[in-house]
Amino acid sequence: MASPSLFSLFCMFSFLLAMADAHYLSPHFYKSSCPKALSVIRTAVNKAVAKERRMGASLLRLHFHDCFVLGCDASILLDDTANFKGEKTADPNNNSVRGYDVIDAIKSRLESLCPRVVSCADIVAVAARDSVVALGGPTWTVQLGRRDSTTASFSTAKRDLPGAGLSLSGLISAFAKKGFTAKEMVALSGINIITAFRLKEKKRTHTIGKAHCKLFRNRIYNEANINDGFARSKQKICPSEGGGENLSGMDGTPDVFDNIYFRHLKDNKGLFHSDQQLYSGGSTDSLVLSYSTHPTYFFADVAKAMVKMGNLSLLTGTQGEIRTKCWKINGS
């Protein structure tokens, strides 16, 4: 057994290592090494969102699907290799997550300006923030200095991303495993942090997206806690049989970042089962009411939650690498 003095030295050494890693993160990380990095990302995101409003939702969702698996390490961007099966084809992501081309274009531009300096993980994190801003949502400070993973996990992507069919307790539990409170879960749910992979269909960002009929057919025909007029209006778009690819806006302003999602929940107009679970006589009802009447509260809380999400299980310092191409590890 180690002596107390050696144990104390070990604890001090571990603490200093943790502090050293913390120093790698800064919103000004690229100020000297790549001073145009943030403006390059912002310009590219604004251009992509102006061309297609849906892309803002896609880039935000890409960030979440990255962070909730192995951490915010750009593992979601990696193609399959002989050594591992990537996350792109896992049920939550396959034919659903998009925006890879936007990230690749940004990376290519930054590699021409500052070779092997800006990580793909940082690009994804900043692009998510800039997408929300481009759609009229809040901003937040993104700590920079993430490094890119050299692996990905198909199985973890299938397991860790919460599904749209979950109950309230299931949602709370899924987010708690990643260190989030119920309040943070509700705020993040308002921007589609929940994915419909268990239904194996596409689902887009709640406050700024649209959904396929197949995803909400069961709710509008079979669930009781739904506004009758709302159900009838959706049934015109989504018949009981056929028309599975028909699209419906997920709220009244599908191309804008706002709080109408929560106002609809209060009126039993949640489009998905997991949506209405947030306001169905449970512990999160008061949060939905607060966000529905005070959009500034929602904006403030979602910004804080996004900062927390963006710091999940980061690689820093000498961990991982700075990929030169986001879809493959260096030297492959």
Side-chain angles (χ1 to χ4, degrees), residues 40-69 72-79 86-109 120-140 142 152 157 161-164 188-197 199-212 214-216 245 247-251 253-258 261 271-272 275 302 305-306 309-310 326-327:
V40 167
I41 298 172
R42 182 172 59 252
T43 298
V45 168
N46 288 342
K47 182 178 179 181
V49 173
K51 181 178 180 181
E52 180 193 7
R53 299 287 286 181
R54 177 190 166 202
M55 185 54 68
S58 297
L59 291 171
L60 175 59
R61 188 167 181 244
L62 179 66
H63 181 42
F64 164 66
H65 280 232
D66 180 35
C67 294
F68 247 60
V69 180
C72 304
D73 59 1
S75 61
I76 193 173
L77 305 180
L78 289 172
D79 289 344
E87 299 161 21
K88 288 182 177 180
T89 57
D91 286 345
N93 303 325
N94 194 31
N95 297 318
S96 177
V97 172
R98 59 198 289 270
Y100 301 115
D101 55 337
V102 176
I103 300 301
D104 287 343
I106 293 171
K107 179 61 173 174
S108 178
R109 172 62 175 154
C120 300
D122 275 346
I123 294 172
V124 171
V126 175
R129 188 270 311 276
D130 291 349
S131 292
V132 171
V133 173
L135 293 168
T139 189
W140 58 88
V142 178
L161 288 161
L188 292 173
S189 294
I191 54 171
N192 183 50
I193 294 314
I194 297 170
T195 179
F197 77 88
L199 300 176
K200 297 186 179 180
E201 293 290 343
K202 295 180 183 178
K203 182 182 179 187
R204 303 170 191 162
T205 300
H206 275 145
T207 62
I208 44 177
K210 297 182 180 181
H212 286 90
K214 289 179 181 179
L215 293 179
F216 57 87
E245 298 303 312
L247 289 172
S248 171
M250 295 174 74
D251 57 43
T253 51
D255 293 322
V256 177
F257 191 104
D258 59 20
Y261 168 75
L271 189 58
F272 293 91
D275 293 340
V302 80
M306 288 299 295
M309 190 182 76
C326 292
W327 49 271

Would you say Asp66's side chain and Ser75's backbone share a donor-acceptor pair under 3.5 angstrom?
yes

Rounded to the nearest 0.5 angstrom, the OG-CZ distance for Ser131 and Arg53 is 10.5 Å

Minimum heavy-atom distance between Val132 and Pro138, given as atom pair plus value:
CG1-O, 3.5 Å

If you count heavy atoms of other groups shown closer than 6.0 angstrom to CZ of Arg98, is the number above 12?
yes

Check whether any side-chain N or O of Ser108 sits under 3.5 Å from a backbone N or O of Asp104 as a donor-acceptor pair, and report yes or no.
no

Do you know which two heavy atoms are closest between Cys72 and Ala121, and how far apart they sit?
O-CB, 3.5 Å

Can you tell me how far OH of Tyr100 sits from CD1 of Ile76, rounded to the nearest 0.5 angstrom?
4.5 Å

Between atom CG of Asp73 and atom CG of Asp122, what is the distance when rounded to the nearest 0.5 Å?
11.5 Å

How long is the straight-line distance from CG of Leu135 back to CG of Asp258, given to the nearest 0.5 Å?
10.5 Å

Atom CG in Leu77, atom SG in Cys326: separation rounded to 0.5 Å?
5.5 Å

Straight-line distance of Ile106 CD1 to Leu59 CG, nearest 0.5 Å
7.0 Å

Would you say Thr139 and Arg129 make side-chain contact, with heavy atoms under 4.5 Å?
yes

With Lys88 as reference, evaluate Asn94, Asn93, Asp79 under the side-chain hydrogen bond (donor to acceptor under 3.5 Å, both in side chains) test and give the passing residue.
Asp79

